[in-house]
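Beneath this line is the structure, given in structure tokens, with notes to follow.
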Amino acid sequence: QVQLVESGGGLVQAGGSLRLSCAASGRSFSGYGMGWFRQAPGKEREFVATINKSGTSTYYADSVKGRFTISADNAKNTVYLQMNSLKPEDTAVYYCAVREKILLRYPPVPGDFGSWGQGTQVTVSS
């Protein structure tokens, strides 16, 4: 079992930046990559970004494209989400997860992922 722990969330003003980290520990996973999702109060969990296992391919939700960047440091077993030009609508709990399936549809859905972390709160004030 892989354990994922997110960190780096917080309160930031609109236009600001945050970098989220997702550290993996435990058994080495055989997934296809990693991903970030977010969930705002009263809303469904939505896809944000994903990166493949080698770090050579990324995919983003339209709502964050050009503002967020996903990256991975395999030596540290850590995935990052650099978030720039934050907007109040980016406010949510952000989760990382292991991509357990070959993606057959875009955007990916939560069912394509597993071993979810506990989440980290991001709040963007206007």
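- Minimum interatomic distance between A92 and A40 (heavy atoms only, all atoms of both residues): CB-N, 3.8 Å.
- For residues 78-115, the disulfide (SG to SG under 2.5 Å) pairs, not counting sequence neighbours, are C22-C96.
- V109 and M34 are not part of a single hydrophobic cluster, where members link through side-chain heavy atoms under 4.5 Å apart.
- Ion pairing between K87 and D90 fails under the 4.0 Å rule for side-chain N and carboxylate O.
- Here the closest heavy-atom approach between residue T120 and residue G9 is recorded as OG1-N, 3.2 Å.
- Under the ring pair (Phe, Tyr, Trp, His ring centres under 6.0 Å) criterion, the residue pairs touching residues 107-126 are F37-F113, F37-W116, with sequence neighbours excluded.
- In plain terms, the two heavy atoms of L103 and P108 that are nearest each other are CD1-CG, 3.7 Å.
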Quick one: do T123 and V12 satisfy side chain to side chain contact (heavy atoms under 4.5 Å, CB included)? Show the steps, please. CA-CA 6 Å; T123 303; V12 64; over 6 Å; no
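- Residues A97 and G114 share a closest heavy-atom pair of CB-O, 3.5 Å.
- Shown here are the ring pair (Phe, Tyr, Trp, His ring centres under 6.0 Å) partners of Y59, two or more places apart in sequence or in another chain: F47, Y106.
- The salt bridge (charged side-chain N to carboxylate O under 4.0 Å, His left out) test applied to D112 returns R105, not counting sequence neighbours.
- Side-chain N or O atoms of Q118 include none that pairs as donor or acceptor with a backbone N or O of V5 at under 3.5 Å.
- Among residue pairs with one or both ends in residues 97-126, none qualify as disulfide (SG to SG under 2.5 Å); sequence neighbours excluded.
- In this structure, L11 and S125 approach most closely via the heavy-atom pair CD1-CB, 4.3 Å.
- By the criterion of side-chain heavy atoms lying less than 4.5 angstrom apart, applied directly or through intervening Ile, Leu, Val, Met, Phe, Trp or Tyr residues, L20 is grouped together with V2 in one hydrophobic cluster.
- Follow the hydrophobic side-chain contacts under 4.5 Å out from Y80 and you never reach V64; the two are in separate clusters.
- A donor-acceptor contact closer than 3.5 angstrom links the side chains of Y94 and R38.
- More than 12 heavy atoms of other residues, nucleotides or ligands sit less than 6.0 Å from atom NZ of K65.
- A donor atom on one side chain and an acceptor atom on the other are not found under 3.5 Å apart for T91 and E89.
- Taking every heavy atom of both residues into account, T69 and Y60 meet most closely at CA-OH, 3.4 Å.
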R19 and M83: CA distance, side-chain angles, deciding distance, side chain to side chain contact (heavy atoms under 4.5 Å, CB included) verdict: CA-CA 6 Å; R19 188 177 82 156; M83 306 186 296; over 6 Å; no
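- With hydrophobic clusters built from ILVMFWY side chains whose heavy atoms lie under 4.5 angstrom apart, Y95 does not share a cluster with L81.
- Judged purely by distance below 3.5 Å, without hydrogens or angles, the side chains of R99 and T50 pair a donor atom with an acceptor atom.
- Between the side chain of N52 and the main chain of G33, no donor-acceptor pair closer than 3.5 Å is present.
- Between Q3 and S115, the closest side-chain pair of non-hydrogen atoms is not below 4.5 Å.
- Q121 contributes no side-chain N or O that, together with a main-chain N or O of G10, makes up a donor-acceptor pair within less than 3.5 Å.
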For F68 and V48, run side chain to side chain contact (heavy atoms under 4.5 Å, CB included): C-alpha distance rounded to whole Å, both residues' side-chain angles, the deciding distance at 0.1 Å, then the answer. CA-CA 9 Å; F68 291 10; V48 175; 3.8 Å; yes
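- In this structure S17 satisfies the side chain to side chain donor-acceptor pair (under 3.5 Å) test together with N84, sequence neighbours excluded.
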